[in-house]
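Counting starts at 1 for both ligands and their atoms, in listed order. Below, all heavy atoms of this structure are taken into account, side chains as well, without hydrogens, waters or symmetry copies.
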Amino acid sequence: MGKINSEWHREHRMPTNPTKKQRAEWHYEHAQHCGCRELTPSITSLLVSQGFGVPEQRQSKA
Ligand SMILES: [Zn+2]
């Protein structure tokens with residue numbers, strides 16, 4: 001698991017009761033700025049279903 005980008009998290013809070021679109025947007029941005037969570041199959045399918053591409057996941061291992 002990658003390192004948490006606490007500054008990004010402070011500025012990007014998940015809304016309460018987010019819509020699918022809001023969740024997809026959050027995860028899309030998150031994956032590009034922070035490596036604290038894995039992109040699970042359910043997240044990638046959410047992204048695709050909401051019209052987002054699947055971002056390159058930051059890898060902690062080379
Ligand atoms: Zn994170």
Quiz prompt | Angular separation of NE2 (His30) and SG (Cys34) seen from the Zn ion (ligand 1), to 10° | solution = 110°

Exercise. Verify the cluster assignment for Leu46 and Tyr28: are they in a single hydrophobic cluster under the rule of side-chain heavy atoms below 4.5 Å apart?
Key: no

Quiz item: Of all the N, O or S atoms in His9, which one sits nearest to the Zn ion (ligand 1)?
Solution: NE2

Self-check item: Residue Cys36, metal the Zn ion (ligand 1), N/O/S under 2.8 Å
Solution: yes

Quiz item: Out of curiosity, His9 NE2 to Cys34 SG, how far, rounded to the nearest 0.5 Å?
Solution: 3.5 Å

Quiz item: How far apart are the closest heavy atoms of His12 and Trp26, and which atoms are they?
Solution: O-NE1, 3.0 Å

Quiz item: What class does the angle between the rings of His27 and His30 fall in, given that below 30° is parallel, 30 to 60° is tilted and above 60° is perpendicular?
Solution: perpendicular

